[in-house]
Amino acid sequence: MPQRHNKATIVSMAIIASAAATLLHEGLGHGVTAWLRGDIPTELTSNHLSALHADHWVEAAGTLVNLSIGAIALTASQAAGRRANLRYFLWILAALNLLPGAGYFMFSGIFGFGDWQAVIRDLPHQALLRVIMTISGAALYVFVVRLLAVAVKPFCPERSTYNDVGRLPYYAACLFSCAAGALDPLGLKLFFVSTVPAAFGGSSGLMWADSLMPARQTEEALSVCRQPAWWVVAAILGISYIFFIGRGIRFAH
């Protein structure tokens, strides 16, 4: 049996992956797409990217970037082989991109709020479109959770070890996102209607992915080892992210 997973390294990886996933969504997805389409971004926070004339492509781009990067990270994780720490980081990066990306369709379909509601707002048959988004989003979400469950199996020779590799990073990422989101200049309303649902709901598949994990162990077990470099990077990035991205960066326009 492998040694026990190092929890400090797992939490550090989750913080880095959470910050990266949000910056990919808001910065690369919404922000760069807005700029490429001739729009003018005005403010970037951990909750939103504000632009003067956001269109449907800008609204859709955040989720599409998360899904694309998540798929690449999951593929790279499998290719990492026996490099356990790198493999696990790529897995949690994939999870924190793929799950919120897939979950956004359900969120907008059920509540009529968010990026994908903005994407369909000018289209006819709103009720039907929201039902389709909800059902297809739910199917995609379960599919993603299954892929993640299969990919993390080498780190869980016993199902009880999933608490360390799946649920611990979920809580760490949620609390980190909320710490940054609480400072958003748009106030607590956005915090409760956007930050909290996105943090705790978007990645909630990590709480039950072990139920879809295959029973058979097809690879030799792997462990996330103690690696203080991850702690240092997480501390520097995490503090900077909370106090700069959390409070918002305004762009001259």
Side-chain angles (χ1 to χ4, degrees), residues 1-25 46 66 69-100 144-145 147-181 198-200 202-210 212-213 217-246:
M1 295 297 293
Q3 61 183 326
R4 296 178 64 180
H5 300 294
N6 185 265
K7 295 180 180 180
T9 303
I10 287 175
V11 169
S12 298
M13 290 179 177
I15 289 171
I16 296 168
S18 177
T22 301
L23 289 173
L24 286 166
H25 182 95
S46 63
N66 282 142
I69 297 299
I72 293 170
L74 189 60
T75 302
S77 174
Q78 296 301 102
R82 301 292 304 167
R83 291 171 290 178
N85 280 22
L86 174 61
R87 181 168 175 172
Y88 177 78
F89 172 72
L90 290 169
W91 179 82
I92 195 61
L93 179 65
L96 295 179
N97 276 278
L98 289 173
L99 291 172
V144 165
V145 173
L147 290 179
L148 293 169
V150 172
V152 82
K153 178 61 179 176
F155 294 91
C156 301
E158 297 178 354
R159 186 166 170 178
S160 61
T161 58
Y162 185 78
N163 288 330
D164 291 341
V165 298
R167 296 186 178 93
L168 177 62
Y170 167 78
Y171 289 125
C174 288
L175 294 175
F176 173 69
S177 295
C178 288
F200 287 92
S203 300
S204 59
L206 286 174
M207 291 295 290
W208 49 274
D210 57 326
L212 299 181
M213 195 179 297
Q217 184 80 11
T218 58
E219 294 184 52
E220 186 178 345
L222 298 173
S223 292
V224 179
C225 301
R226 182 179 184 273
Q227 198 168 10
W230 288 102
W231 311 352
V232 175
V233 173
I236 295 172
L237 177 63
I239 292 171
S240 301
Y241 179 92
I242 289 172
F243 286 100
F244 290 100
I245 305 298

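Side-chain contact, Thr22 with Ser46: no donor N or O sits under 3.5 Å from an acceptor N or O.
Proximity of Phe176 to Val11: side-chain heavy atoms (C-beta onward) are nowhere separated by under 4.5 Å. Contact annotation: the side chain of Leu99 approaches that of Leu148 to within less than 4.5 Å [non-hydrogen atoms, C-beta and beyond]. Between Leu23 and Tyr241 there is a side-chain heavy-atom pair separated by less than 4.5 Å. Between Phe89 and Arg83 there is no side-chain heavy-atom pair separated by less than 4.5 Å. Counting heavy atoms from C-beta on, the side chains of Asn163 and Asp210 never come closer than 4.5 Å.
Checked by atom type and distance alone, the side chain of Tyr162 never pairs as donor or acceptor with a backbone atom of Trp208 at under 3.5 Å. Looking at Thr9, its side chain does come within 3.5 Å of a backbone N or O of Gln227 through a donor-acceptor pair. With hydrogens and angles disregarded, no donor-acceptor distance shorter than 3.5 Å links the side chain of Arg159 to the backbone of Met213. The backbone N or O of Cys225 sits less than 3.5 Å from a side-chain atom of Asn85, completing a donor-acceptor pair. Looking only at distances, no side-chain donor or acceptor of Asn66 sits under 3.5 Å from a matching main-chain atom of Leu24. Proximity of a side-chain donor or acceptor of Ser203 to a complementary backbone N or O of Ala199 within less than 3.5 Å is not detected. Between the side chain of Ser77 and the backbone N or O of Arg87, at least one donor-acceptor pair lies under 3.5 Å.
Atom CD1 of Ile16 is separated from atom CG of Leu96 by 12.0 Å, given to the nearest 0.5 angstrom.
The shortest heavy-atom contact between Ala149 and Ala209 is CB-O, 3.2 Å. Residues Leu222 and Ala84 share a closest heavy-atom pair of CB-CB, 4.2 Å.
For Phe155 and Trp91, the ring centers sit 6.0 Å or farther from each other.
Remark: Pro169 engages Ile10, Ala14, Tyr88, Ile92 in a side chain to side chain contact (heavy atoms under 4.5 Å, CB included) (not counting sequence neighbours). Partners of Ala179 by side chain to side chain contact (heavy atoms under 4.5 Å, CB included), not counting sequence neighbours, listed by chain and number: Ile242. Asp164 meets the salt bridge (Lys or Arg N to Asp or Glu O under 4.0 Å) test with Lys7; sequence neighbours excluded.
Counted within 6.0 Å of CZ on Phe200, heavy atoms from surrounding residues, nucleotides or ligands total more than 12; the atom is thus considered enclosed.
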